[in-house]
Amino acid sequence: MTELSAKPAFSLSSTAQSGAANYPGLDDWRDLPVSQQPSWQDKDVFDASVGELSVLPPLVFAGEVDVLRERLAAAAEGKAFLLQGGDCAETFEAATADKISARVKTILQMAVVLTYGAAMPVIKMGRMAGQFAKPRSSNDETRDGVTLPAYRGDIVNGYEFTPESRGHDAARMLKAYHTSASTLNLIRAFTQGGFADLRSVHQWNKGFTENPAHARYESLARDIDRAIKFMASCGADFEALKRVEFFASHEALLLDYERALTRIDSRTGFPYDTSAHFLWIGERTRELDHAHVDFLSRVRNPIGVKLGPSTTGDDALRLIDKLDPEREPGRLTFITRMGAGNIREKLPAIVEKVTASGAKVLWVTDPMHGNTVTSPNGYKTRNFDDVIDEVRGFFEVHHALGTVPGGLHVEMTGDDVAECLGGADPVDQESFLDKYESVCDPRLNHMQSLEMAFLVAGALAKH
């Protein structure tokens, strides 16, 4: 067997880059256990990249982050609903105007339907402009007797299976920053420049319901149409409805990148991670005494934590004590990813324990990650029915307990891909041969995403 592997020249712990922001405790994570980090090949390239990131302008601003915290606090009280969607792993190649606009358009379409069903504001948040790093179950990948480092997202290495591509290149962090900046620039133009006009978005959804496969949602679309006409006849200010708030989020996995983009807010003197408005800690990195939880406990951004089926109520309470010791409204979101077969059994005890403690977290469902399977023809996929069943289970649990089902977190795209099986306009495994494009996890396509929105709108209306 021939083994080719990229040999790291140094490890993460051998560096002590402090970044531009100096604040007590911001570098304590460096002395703690840390997982899912790259082994950068070239220390000089690493030092230069982190040094440059540390002085580049922030990607988001502290005032925007504070606004989001207020919005999430309202969602935790049942006065708003969070819709968080986007790619499993963004790629540099896919950061085109067409693909970005298709993703934003789909999220806006979903939001209009959810807003009507929930009769409350919907917070629109993309897994965009920074979702470039991915955790892996193994450090290496072997193909035909050749072993190379696993693909960890474009911010670390390339997808192409060659030694040159799979090496951990710290210069990619700079490309991730600039790609995120251009993506955010386009998102702001779309959401503030008329692209998000409520009337236009509604027209896009009418096209969706005219498809015979989605005819059962036509009555809801007609209700929305009547509501918009009523608003117009009452002289509603549609100028105000041409613009929407849109927030950026990603998993805070690559701590070198997050630390380098942390800045001290001139208004308050507190540290903000300016790589995104909202950051979350994954199921693989939520150990209480490890680096990811420690670092994110020290920045002012709203923080999410993914909770899988092994989570206990005590785990949740300890996370609250570490990440939200002041019990600040809007600070902490628990994103449950239990799987359709576990959600009704595992979630109630956690919610009950957190509720009894008096903590006010935002509960959000991620119905994607707990439902991953392999198709008979060998593709990583998810069944649409399982995804929807986990969403239903999430709502059922909260309804039974009298707590607030506050949001939906989905991996989706605005493109006509075939990666998840099923839906009213069904995707079958044969479609994977031509339309499977994800470099990591399977995503709902445009039609499946909208179908989910109509189904969730029905559940919200009942609630």
Side-chain angles (χ1 to χ4, degrees), residues 59-61 64-65 67-69 71-72 75 80-92 94-115 121-134 153-155 176-177 179-193 195-196 201 204 243-253 273-280 282 301-304 306 333 335 362 364-366 368-369 407-415 417 438 440-441 443-446 448-450 452-453 456:
L59 289 170
V60 303
F61 302 98
E64 298 172 340
V65 173
V67 168
L68 175 60
R69 194 184 307 108
R71 303 289 185 262
L72 296 176
F81 189 81
L82 172 65
L83 172 62
Q84 186 178 11
D87 263 321
C88 61
E90 291 179 286
T91 63
F92 299 151
T96 64
D98 286 347
K99 288 188 176 293
I100 293 167
S101 66
R103 224 172 304 149
V104 172
K105 176 179 175 179
T106 303
I107 292 171
L108 294 175
Q109 287 181 262
M110 294 174 73
V112 166
V113 177
L114 293 172
T115 300
V122 169
I123 305 159
K124 291 162 276 290
M125 186 188 295
R127 289 173 54 114
M128 298 174 68
Q131 183 58 18
F132 291 111
K134 290 299 291 182
D154 274 14
I155 196 170
Y177 169 90
T179 305
S180 297
S182 62
T183 299
L184 280 168
N185 185 54
L186 199 56
I187 289 172
R188 287 181 170 121
F190 285 145
T191 55
Q192 300 300 314
F195 179 83
V201 177
W204 300 335
R243 296 178 294 278
V244 298
E245 291 179 335
F246 196 99
F247 300 98
S249 68
H250 63 258
E251 180 178 356
L253 186 67
D273 185 342
T274 65
S275 70
H277 301 103
F278 179 94
L279 301 156
W280 75 84
N301 306 63
I303 300 300
K306 292 285 189 82
T333 296
I335 306 167
L362 172 60
V364 171
T365 179
D366 167 5
M368 307 295 291
H369 285 89
L408 178 66
H409 178 119
V410 290
E411 290 184 334
M412 44 70 66
T413 176
D415 301 325
V417 301
S438 175
C440 195
D441 290 339
R443 305 160 295 175
L444 300 178
N445 64 25
H446 176 70
Q448 289 169 328
S449 299
L450 294 181
M452 171 180 274
V456 173

**Request:** Using atom types as modelled and distance alone, determine if a side-chain donor or acceptor of Q448 lies under 3.5 Å from a backbone N or O of N445.
**Result:** yes
**Request:** For the pair F195 and W204, name the ring-plane relationship: parallel under 30°, tilted 30 to 60°, perpendicular over 60°.
**Result:** tilted
**Message:** Tell me whether R443 contacts the main-chain N or O of C88 through its side chain, where contact means a donor paired with an acceptor under 3.5 Å.
**Reply:** no
**Asked** Any side-chain heavy atom of L408 sitting closer than 4.5 Å to one from T365?
**Response** yes
**Request:** Please tell me if the side chains of R71 and V67 come closer than 4.5 Å, counting only heavy atoms from C-beta onward.
**Result:** yes
**Asked** Partners of T333 by side-chain hydrogen bond (donor to acceptor under 3.5 Å, both in side chains), sequence neighbours excluded?
**Response** none
**Message:** Between N301 and F278 (side chain of the first, backbone of the second, donor and acceptor by atom type, cut-off under 3.5 Å), is there such a pair?
**Reply:** no
**Item:** L444 side chain reached by M368 side chain, heavy atoms, under 4.5 Å
**Value:** yes
**Request:** Could you give me the CA-CA distance, side-chain angles and deciding distance for T179 and E90, then say whether side chain to side chain contact (heavy atoms under 4.5 Å, CB included) is met?
**Result:** CA-CA 10 Å; T179 305; E90 291 179 286; over 6 Å; no
**Asked** In Å and rounded to the nearest 0.5 Å, what is the CZ to CZ distance from R103 to F190?
**Response** 11.0 Å
**Asked** Between atom CG of D87 and atom OG of S438, what is the distance when rounded to the nearest 0.5 Å?
**Response** 7.0 Å
**Message:** Please enumerate all residues that pass side-chain hydrogen bond (donor to acceptor under 3.5 Å, both in side chains) together with Q84, with sequence neighbours excluded.
**Reply:** S249, H409
**Asked** Is D441 salt-bridged to K134, cutoff N-O under 4.0 Å?
**Response** yes
**Request:** Examine distances only and state if a side-chain atom of D154 and a backbone atom of F92 form a donor-acceptor pair shorter than 3.5 Å.
**Result:** yes
**Message:** For a 4.5 angstrom cut-off between non-hydrogen side-chain atoms, does M110 reach L450?
**Reply:** yes
**Message:** Which heavy atom of A248 sits nearest to which heavy atom of L184, and what is that distance?
**Reply:** CB-CD2, 3.8 Å
**Intermediate values then yes/no, side chain to side chain contact (heavy atoms under 4.5 Å, CB included), T106 and T413** = CA-CA 8 Å; T106 303; T413 176; over 6 Å; no
**Prompt:** With a 4.5 Å heavy-atom cut-off, do H250 and F132 have their side chains touching?
**Reply:** no
**Message:** To check you understand the geometry: which heavy-atom pair defines the closest contact between V104 and M128, and what is its length?
**Reply:** CG2-CE, 4.0 Å
**Fill in**
Distance col, row I187:CD1 vs S182:OG, nearest 0.5 angstrom, shows 9.5 Å
**Item:** Evaluation steps, side chain to side chain contact (heavy atoms under 4.5 Å, CB included), between Q109 and V113
**Value:** CA-CA 7 Å; Q109 287 181 262; V113 177; over 6 Å; no
**Request:** Please determine, by modelled atom types, if S275 and D273 share a side-chain donor-acceptor pair under 3.5 angstrom.
**Result:** yes
**Request:** Kindly indicate whether the side chain of K124, heavy atoms from C-beta on, has any atom under 4.5 Å from the side chain of L108.
**Result:** yes
**Asked** Within a strict 4.5 Å, meaning less than it, do heavy atoms of the H277 and V60 side chains meet?
**Response** yes
**Request:** Check A102 against D415 and note the closest heavy-atom contact, atom names and distance.
**Result:** CB-OD1, 3.9 Å
**Asked** So, do I123 and L72 sit near enough that their side-chain heavy atoms are less than 4.5 Å apart?
**Response** yes
